[in-house]
Amino acid sequence: MSNLNPSSTSANFPWQDRPTGCTDILWRYSENPVIQRNPIPCAGRVFNSAVMAHGEGYIGVFRVDYRDVRPRLHFGKSKDALSWDIDHDPIQWQTESGEPVENGYAYDPRLVEIEGTFYITWCDDFPGASIGMGRTTDFKTFIKMENPTMPFNRNGVLFPRKVNGEYLLMSRPSDSGHTPFGDIILSHSKDLTYWGKHRLLMTTVGKNWWESVKIGAGPIPIETKDGWLLIYHGVTGTCNGFVYSIGGALLDLDDPSKVIARSKDYLLTPELNYETTGFVPNVAFPCAALHDDPTGRIAIYYGAADTYTALAFAKRDELIEFIKDNS
Ligand code: BMA
């Protein structure tokens, strides 16, 4: 990709410097969208997907909306995190004892490695939307685990490590439809099966207009010396429907139920054609972030208009300062 900055210290980290004259804290990749319409034979649209660095390259779990408009999850690989080789068949889940599991639908995946095992969370058909959770160690055998939440719930996002001996999951209790409300709840577990100690983490109540209808955790939170960096989506309502923007917050490292700062302005809102026009207009929905620790570079993957996969960049330290200064 000719537009990528060749000076990236991690040779294949997807990166472009902020364009001259741009003052945005989060700026878009000039070659967006990275995944266009009809990318594989069965799919009309691939968006709201999860990626992470793995070995010499990258892996991902993709939300693939079929031509019957039903979403399924597919596994994919990439050398550069820009050009993706997405499996043509969906992930086949199996039970702990190896029986195949059928999924009615599956969407909005997140992907994280915890202590050598890769966990996937997604919006699962319980039946009725709830959080699904599964794991793999080899990307060949995918084990479906217990659903951590009852219906209705969406946007399940695990922390990348235990904190104070417990796994942490963010989620957003919802309704069965397009949900005109929603706060982020933090839940605790010792074994990834039984979840409790539910805490209200972030609410829309009394907050900013761009996120006044509902909010939901986005990528796996990034651990920094200043706290957990949480990128999330916030939704406002208009006479023509919802608008999904991207926001940022900082959570206490040792007690992530404490919000240190939360930016009062969005970091990115739908503006360009691929964000404002598509299957669902005006949606920027982040589900994954890559972080290059030595350089502090962050690449955020977001679904655009429920149609495309797009990429935006930020510098970790600038982003943290921005969130603190604009809290
Ligand atoms: C939410 C989820 C997302 C979607 C968004 C906008 O409720 O279903 O998958 O991107 O709506 O349509």
Side-chain angles (χ1 to χ4, degrees), residues 32-35 37 39 43-51 60-66 68-74 90 103-111 120-132 149 151-157 170-185 204 210-219 231-247 266 268-289 300-312:
N32 272 346
V34 291
I35 303 179
R37 282 184 190 263
R45 296 167 285 117
V46 172
F47 58 102
N48 297 8
S49 296
V51 306
V61 175
F62 293 85
R63 170 177 174 162
V64 174
D65 277 26
Y66 281 45
D68 62 2
V69 191
R70 188 176 285 262
R72 296 176 176 85
L73 302 183
H74 286 221
N103 276 92
Y105 56 76
Y107 60 86
D108 298 355
R110 275 55 165 202
L111 172 65
I120 301 161
T121 51
W122 68 94
C123 181
D124 191 31
D125 185 13
F126 189 85
S130 190
I131 308 302
T149 63
F152 298 98
N153 203 315
R154 295 181 172 96
N155 296 299
V157 179
M170 290 174 282
S171 73
R172 205 266 306 287
S174 66
D175 68 14
S176 60
H178 297 298
T179 316
F181 62 86
D183 294 336
I184 302 177
I185 303 294
T204 57
W210 66 268
E211 53 177 345
S212 59
V213 173
K214 53 183 171 177
I215 50 177
I231 308 294
Y232 66 100
H233 68 258
V235 180
T236 194
T238 74
C239 59
N240 277 329
F242 292 154
V243 177
Y244 283 70
S245 305
I246 301 177
Y266 55 71
L268 185 148
T269 198
E271 289 172 1
L272 300 193
N273 282 345
Y274 55 87
E275 298 161 341
T276 59
T277 307
F279 190 73
V280 181
N282 298 316
V283 180
F285 195 96
C287 285
I300 295 171
Y301 288 76
Y302 64 101
D306 285 11
T307 304
Y308 310 102
T309 302
L311 183 56

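Both ligands and their constituent atoms are indexed starting at 1 by order of listing. Everything quoted here is computed from the prediction, not taken from an experiment.
- Here the straight-line distance linking atom CE of Met170 with atom CD1 of Ile215 works out to 11.0 Å at 0.5 Å rounding.
- Annotation: Asn48 places an N or O atom under 3.5 Å from an N or O atom of ligand 1; distance criterion only.
- Within ligand 1, counting atoms from 1 as listed, the ones closer than 4.0 Å to a heavy atom of Asp306 are 4 (C), 6 (C), 10 (O), 12 (O).
- Summarising the contacts of atom 7 (O) of ligand 1 with Phe285, Tyr244, Phe242, the nearest heavy atom is found in Tyr244.
- Residues Phe285 and Asn155 meet the side-chain proximity criterion, which asks for heavy atoms closer than 4.5 Å.
- Of the protein's non-hydrogen atoms, Tyr107 CE1, 3.8 Å is the one closest to atom 8 (O) of ligand 1.
- Considering both main-chain and side-chain atoms, Arg63 comes within under 3.5 Å of ligand 1 through a nitrogen or oxygen pair.
- The minimum heavy-atom distance linking Pro173 with Ile185 is given by the pair CD-CG1, 3.6 Å.
- If you look at Tyr244 and His233, their ring centroids are closer than 6.0 Å.
- Side chains of Pro109 and Thr121 form no contact here, defined as non-hydrogen atoms less than 4.5 Å apart.
- The distance from ligand 1 to the heavy atoms of Asp108 drops below 4.0 Å at these ligand atoms: 2 (C), 3 (C), 9 (O).
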